[in-house]
Amino acid sequence: MTKTESAPPTNFIRQIIADDLKTNKHDGRVRTRFPPEPNGYLHIGHAKSICLNFGIAEENRDGLCNLRFDDTNPIKEDIEYVESIQADVKWLGFDWGDRLFYASDYFEQLYQYAVQLIKDGKAFVCSLSPDEIREYRGTLTEPGRESPYRTRSVEENLDLFERMRAGEFDDGAHVLRAKIDMTSPNVLMRDPTLFRIKKVPHHRTGDQWCIYPMYDFAHCLSDSIEGITHSICTLEFEINRQLYDWILDELPVDCHPQQIEFARLNLSYTVLSKRKLVELVNGGHVSGWNDPRMPTLSGLRRRGYTPESIRNFCERIGVAKRDSVVDIALLEYSVREDLNKRAPRVMGVLRPLRVVIENYPEDQVEALDALNNPEDDSMGWRKVPFSRVLYIEQDDFREDPPKKFFRLAPGREVRLRYAYYVTCVKVVKDEATGQVVELRCTYDPNTRGGSSPDGRKVKATLHWVSAAHSITAEARLYDHLFVKENPDEEKDVDFKTYLSPNSLETLPFLVEPSLANAEPGSKYQFERIGYFCVDTVDSSEDALVFNRTVTLRDTWARIQKAQQKKHQK
RNA sequence: UGGGGCGUCGUCAAGCGGUAAGACACAGGAUUUUGGUUCCUGCAUUCGGAGGUUCGAAUCCUCCCGCCCCAGCCA
């Protein structure tokens, strides 16, 4: 064996780290962190970042990745989110050990660092109003002007800052600002705000604080305090790097991590911005953060996605700096690949067509053997009841079969999976509508199990369910949330106008009796239909609910599409 | 029109001066008791464009074009 497990594909970040290791830049340490703000649920885009940060730590000897909540804005944050985020990271399969941190753990240190900056004449208390600050900031093409409060003495600044902390002032009365350069072409460097007053209780520190650090101040210092070596973030923070470095350069810290930016994930037919996801939840367009149509980790989990499939997906999409939109087909491919190996096969009928086997004894029932997974014999066999009255899928019968339609048609013989060869001898229609309501068939008793001693072949194998033995469950058929590949392509059109009306279709589902005790969360392949999992929220023992994770690849559907196109020409 | 980034197949993405990996998608074909899986085969004479350097350029230089980000007391 020359190859064991293939190493994760390289990317520019792994290269930087490899180079740093070579030059012993951080004494050979590799320390990353995943720093979510607890103001929403994690989505597949976060998974990319989690896999990157935790993945890099796992790949390197003594590599570690911290989980740190960037909880510097109590107005938006909530304990509900810190809990769901931890659950999601764990579910994905990553472990932060004892390194669960919060920026709020560092509030006192951060305050002291700010005091240091004031003492060094590098920060001042500014009493301009928010509007005035904006005015003074200038524009992208014009330099800003210095605040009239910029020249306050160190003593006055110290006093004011202390009183800000003590709660003597109202929200917005003062802020602490860094003294950098109001003419900088980088607007972020024009005396950025470091602390602001918010008389709001914090989900962890309660009413201990009424001033809270801004992201730019808290993030770099939190990284430094934790001894992070590589601070990996998304592209929009590229311009923040200058400030990140400024703060760490001006303060007496002994760890100055390197910020590295990569492109965030975009996925076709969905949206991945917290703001938009919140909008879908609050607007009632989905049932919640864990609606199986949501690209959130909790939604994907409920939909039936496995952590492995998501990690494989994240590995396949790569990491780079260019904006991109990954085809959702790649995500779907990743679940199918995983579920194909592990999901037991079962049978169920979504749109039933009644079939009566005329030469099968009225009261006879046979328990036929069915293989649980052709990909894995160790998963064993099960019994499936067969009787005179069955249901097959409406799609599996055509009175006038078109070219290349191999399934059942008048006079045609097909195989019922693990059962018998049957031949359609009569089509029963509703007199009023002309609709096919029942098929009369005959079976060949010599084909029990699905093969014929005379070696004759059939072109199709159909799934089926015994009418008297099937269980009626509910199927929830999910499809893309949006009809447009890139729902937020046009700036002047609300992304919600592209919400798909067909993202959820609910149908009764006739399933084989072996499913009677199916556990919530368990995953199955309904043969010839797709992968499903038992819903963890709405399913109960006497009312099973199956969520369709993803369909099987459907070559016949593609042939049909091609034929339709031909006809249109 | 300030600054910071980015442009390689339909979609991601390797490539780091020696003559365009891989994956998904797509199209054929083989095997198949799932039109599933698996397995073959095909799929960028060309790297946003134009010049230049070089024996040799996607890789180096120059100019141009296009896209993204920044003017929260959000992160």
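Letters A, B, ... are given to chains in the order of the sequence lines, protein chains preceding strands, and every chain is numbered from 1.
When side chains are defined from C-beta on, A/I56 counts as touching A/I232, because their heavy atoms get closer than 4.5 Å. For the pair A/R448/A/L368, a side-chain contact is recorded, criterion being any heavy-atom separation below 4.5 Å from C-beta on. A/V82 places none of its side-chain heavy atoms less than 4.5 Å from the side chain of A/R204.
Ring stacking is absent between A/Y215 and B/A75, as the pair misses the limits of under 5.5 Å between centres and under 30 degrees between planes.
The C1' atoms of B/C9 and B/U34 are separated by 33 Å, rounded to the nearest whole Å. Nucleotides B/G52 and B/G15, compared at atom P, are 29 Å apart to the nearest Å. Using atom C1' as the reference point in both B/G3 and B/G42, the two lie 47 Å apart (nearest Å). Spacing of P atoms, B/C65 relative to B/C40, comes out at 48 Å, to the nearest Å. One C1' atom belongs to B/A44, the other to B/U8, and the distance between them is 8 Å to the nearest Å. Comparing the same atom, C1', in B/U19 and in B/U46 gives a spacing of 11 Å after rounding to whole Å. One P atom belongs to B/A27, the other to B/U37, and the distance between them is 14 Å to the nearest Å. A gap of 28 Å separates the C1' atoms of B/C26 and B/C6, to the nearest Å.
With a cut-off of 3.5 Å on both Watson-Crick or G-U wobble distances, the partner of B/U38 is given as B/A30. Pairing of B/C47, defined by two Watson-Crick or G-U wobble distances under 3.5 Å, is not identified with any nucleotide. In this entry B/U19 has no Watson-Crick or G-U wobble partner, no candidate having both defining distances under 3.5 Å. Pairing partner, B/C6: B/G66, with both Watson-Crick or wobble hydrogen-bond distances short of 3.5 Å. B/A25 is unpaired under the criterion used here, namely a Watson-Crick or G-U wobble arrangement in which both key atom distances are under 3.5 Å.
Looking at A/Q15, its side chain comes within 3.5 Å of the base of B/C16 through a donor and an acceptor atom. Side-chain N/O atoms of A/Q525 and base N/O atoms of B/U34 include a donor-acceptor pair closer than 3.5 Å.
Relative to the six-membered ring of A/Y531, A/K523 misses at least one condition, a distance below 6.0 Å or an angle of at most 45° to the axis.
In this structure, A/L330 reaches the sugar-phosphate backbone alone: every heavy-atom distance under 4.0 Å involves primed, P, OP1 or OP2 atoms, never a base.
When rounded to the nearest whole Å, the span between CZ of A/R415 and P of B/U32 equals 11 Å. For the pair A/Y333 OH and B/A23 C1', the computed distance is 8 Å after rounding to whole Å. Atom P of nucleotide B/C73 and atom CZ of A/F124 are separated by 12 Å, given to the nearest angstrom. Taking atom CE of residue A/M347 and atom P of nucleotide B/G36, one finds them 18 Å apart after rounding to whole Å.
Between A/F532 and A/F526, the ring-plane angle classifies as perpendicular under the 30° and 60° cut-offs.
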One character per nucleotide, please: for nucleotides 3-10 of chain B, 5' to 3', B when the base has a protein heavy atom closer than 4.0 Å, S when only the sugar-phosphate does, - otherwise.
BSSSSB--
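Residues passing the side-chain contact (heavy atoms from CB on, under 4.5 Å) test with A/R415, sequence neighbours excluded: A/Y421, A/V458, A/T461.
Across every non-hydrogen atom of A/T72 and A/A103, the tightest pair is CG2-CB, 4.0 Å. Contact record, A/R407 with A/W556: NH1-CD1, 3.4 Å, taken as the closest heavy-atom pair.
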Using a cut-off of under 3.5 Å, enumerate the N/O to N/O pairs linking the protein to nucleotides 26-31 of chain B.
from: B/A27; atom 1: OP2; to: A/R558; atom 2: NH1; distance (Å): 3.3

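Taking a cutoff of 4.0 Å between a charged side-chain nitrogen and a carboxylate oxygen, A/D396 and A/R528 qualify as a salt bridge. Salt bridge annotation for A/E315-A/K48: absent, with no cationic side-chain nitrogen under 4.0 angstrom from a carboxylate oxygen.
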